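Before any comments, here is the structure.
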Amino acid sequence: MCGALRASDAGKKAVLMGWVNRRRDHGNLLFVDLRDRSGVTQVVFNAERDRTIHEKSAALRNEYVIAVTGTVKLRDANTVNPNMPTGEVELVAEELRILNESKLPPFLPSDTALTNEETRLKYRYIDLRRDVMQFNIELRHKVAKAIRDNLSGQGFFEIETPFMTRSTPEGARDYLVPSRVQPGTFYALPQSPQLFKQILMISGFDKYFQIVRCFRDEDLRADRQPEFTQIDLEMSYPQAERVWEVVEGFLTAAFAAAGSAIKTPFPRMDYDEAIRLYGIDKPDLRLPAFTDVRDCFSAENLQELAINSNLPVVAVRTPRVGELSRKERDDIKPMFHAKGGARVYEDFKRIANKFPDAAAAIAKKTGMEDGDLIVLVAGGAQSGPLAALPEHRKVTPQELAIYSSAGLLRLALAQKYAERHGIFKKSGDAAKDFRFLWVTNFPMFEWDEGEKRWNAAHHPFTSPHEEDMAKLETGVEALNDPLSPLSAVRALAYDVVLNGTELGSGSIRIHRQDVQSKIFRALGMTEEEARARFGFFLEALEYGTPPHGGIALGLDRIVMILAGAESLREVIPFPKTARAVDLMVDAPTPVGEAQLRELGIAVKKSNAP
RNA sequence: GGGGACGUAGUUCAGUUGGUUAGAACGCUGCCCUGUCACGGCAGAGGCCGCGGGUUCGAGUCCCGUCGUCCCCGCCA
């Protein structure tokens, strides 16, 4: 292999095959860097030593595929290249075969400047030759293998589930596959193997896992692709803590495979606490949490600032941004997307001028240091008096509006000034670079303001807390009430979060048919609707279902973070663009009339006025 | 569905207030070069300024539309 030769190989005969990475022509002396996935070795064609082969080498161009036979030679001390692993040796060419020529590529794998992504994706086969991509794909392989080995070692069976399955609308949109044998009917590609893995528990395979492709027809993001890979697992009889142990086990193995020693167990945090401290259910622990500074102001202060004194006043601290220019301060306001009645007070200096006592108290309470930026988010006075809220509701909708708009601003500011505070830079210390967290006790239901009903926050097979069953009973009687006791039902659901990215989501499932029915009812589904959608599953539940639970983690996201990449596309060999297009194969495409006819499908012309 | 950024040579980019023949670097082609490793030197080729329309004596530059890529919000049970 091109990356394998070392000083100890000197004098040996060797055959190297690979691509011409670079060519340096010195007249009668020609150097070629020969590349394969293992690395690069310098090959020397010397006219003095062998005129014929030197003449032949003149035809070599970038990305030609060649085979070179020669002798491994120790380089002279002054020609050693300490920057490459094979830099102590070179291959003196004795025989050259050009295995294939290459057209002039649109960009070279050896280019230092990165080509625009559109071109990279169109010529993905060339892009993948770049050493970074080779590294990422190899990393992906190692991580997946470590996880497989670890879960097998923990007694899990890898079991496949169907890709062509049943559409169960609700949640993400399905990708549909038309049936030719039964025209007018469709399979759906799985959004996750959720029901199949639960049925595997009912079937007695008490520890299941699968590294499996999932499909969701939703809009894309840097960390969301329409097809993505999950590490899906399920086990019988576990407490949530047991599932977390399993996950911490395989993540430790995966990160070890990537050269990082992470510490377990991961810290845990209630959903409500996450919202209060970070304004988001997937906090990035590398950045400082919020501080509630309402009590730093006097009642008169708050009135003067037109701040609602019943709601929290959140201080967002961004460390070490230094002195901000006037323009930079002005730029903060547009970064703030107010939810509800939330307002931003971005000019801390002005507050300090007007209310020196309050500012001093805030600086002290937030631990503000020189160069730190403090921005306040609070409820406007006009956001009105507090509605009479049921006391079981821990974070009220008005509070949530403040917390979550502050949470978004906190991340946007951290992103914008990443260069200055340097918190996102890898330090090499795994404990600092990888901040894992379990977020637990999610609410079971979320109020859908548009539809005026309750949705499952996780999925409808998630078990509620045993203690909250009573609230479920009474809540079912108040289905269309946003203040229904349903709001206080906690789910036995948990997310694993890394550096502000949701890696995975899981829960203890419902194993009793009567509880499952109640949940469907709470979601506004009639018995008939539930039967029509999930009948097969409800029936299966009635045949001796063991308690069970599990989780699914995004493999792509794990590898992305390990690779230090900004986008999933950097760790997926053949990804899609933001409009879900594969630029290399040019998919999706229209299909022929004949093919459609056979499927009993007619395409409606959509460019009607 | 909404907001924002971008689109100039094969590639990465520059292009001033709207003004002569649209530039640079890398890559490419040819010639020279025996110790380079992001080799060097000389010469050369290479442009539908994304596409369509408009304003103007004159548009890469201003306006409108459109297509494409990226980022964010909504969405992602």
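Within every chain, numbering begins at 1; the chains are lettered A, B, ... in the order of the sequence lines, protein sequences first and strands thereafter. On a predicted model such as this, the values are computed, not experimentally measured, just so you know. Quick note: numbers below take in every heavy atom, side chains included, and nothing from hydrogens, waters or symmetry partners.
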Between the base of [N] and the side chain of [X], is there any donor-acceptor pair under 3.5 Å?
| X | N | value |
| --- | --- | --- |
| Asp111(A) | G27(B) | no |
| Arg579(A) | C70(B) | no |
| Glu90(A) | G35(B) | yes |
| Arg22(A) | G27(B) | no |

Residues from residues 401-410 of chain A lying under 4.0 Å of RNA chain B - heavy atoms: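 Going residue by residue through residues 401-410 of chain A, none turns out to have a heavy atom under 4.0 Å of RNA chain B.
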Contact list for RNA chain B against residues 563-577 of chain A - heavy-atom distance below 4.0 Å: Arg569(A), Thr577(A)
With a 4.0 Å cut-off on heavy atoms, is [X] in touch with a base, just the backbone sugar-phosphate, or nothing at all?
| X | value |
| --- | --- |
| Asp76(A) | nothing |
| Gln42(A) | base |
| Glu48(A) | base |

All ring-ring contact (aromatic ring centres under 6.0 Å, His included) counterparts of Phe45(A), not counting sequence neighbours: none
Parallel, tilted or perpendicular: rings of His421(A) and Phe424(A) (30°, 60°): perpendicular
Residues in side-chain contact (heavy atoms from CB on, under 4.5 Å) contact with Asn46(A), at least two apart in sequence or another chain: Leu29(A), Glu48(A), Arg49(A)
Pairing residues for Val581(A) by the side-chain contact (heavy atoms from CB on, under 4.5 Å) criterion, not counting sequence neighbours: Thr577(A), Arg579(A), Leu583(A), Pro588(A)
Contact under 4.0 Å: Asn78(A) side-chain N or O vs G35(B) OP1/OP2: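 Indeed not, no polar side-chain atom of Asn78(A) lies that close.
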Could you go through nucleotides 28-30 of chain B and list every protein N or O atom that sits under 3.5 Å from one of its N or O atoms, giving the distance for each pair?
{"from": "C28(B)", "atom 1": "OP1", "to": "Asn62(A)", "atom 2": "ND2", "distance (Å)": "2.7"}
{"from": "U29(B)", "atom 1": "OP1", "to": "Arg61(A)", "atom 2": "NE", "distance (Å)": "2.8"}
{"from": "G30(B)", "atom 1": "OP2", "to": "Arg61(A)", "atom 2": "NH2", "distance (Å)": "3.2"}

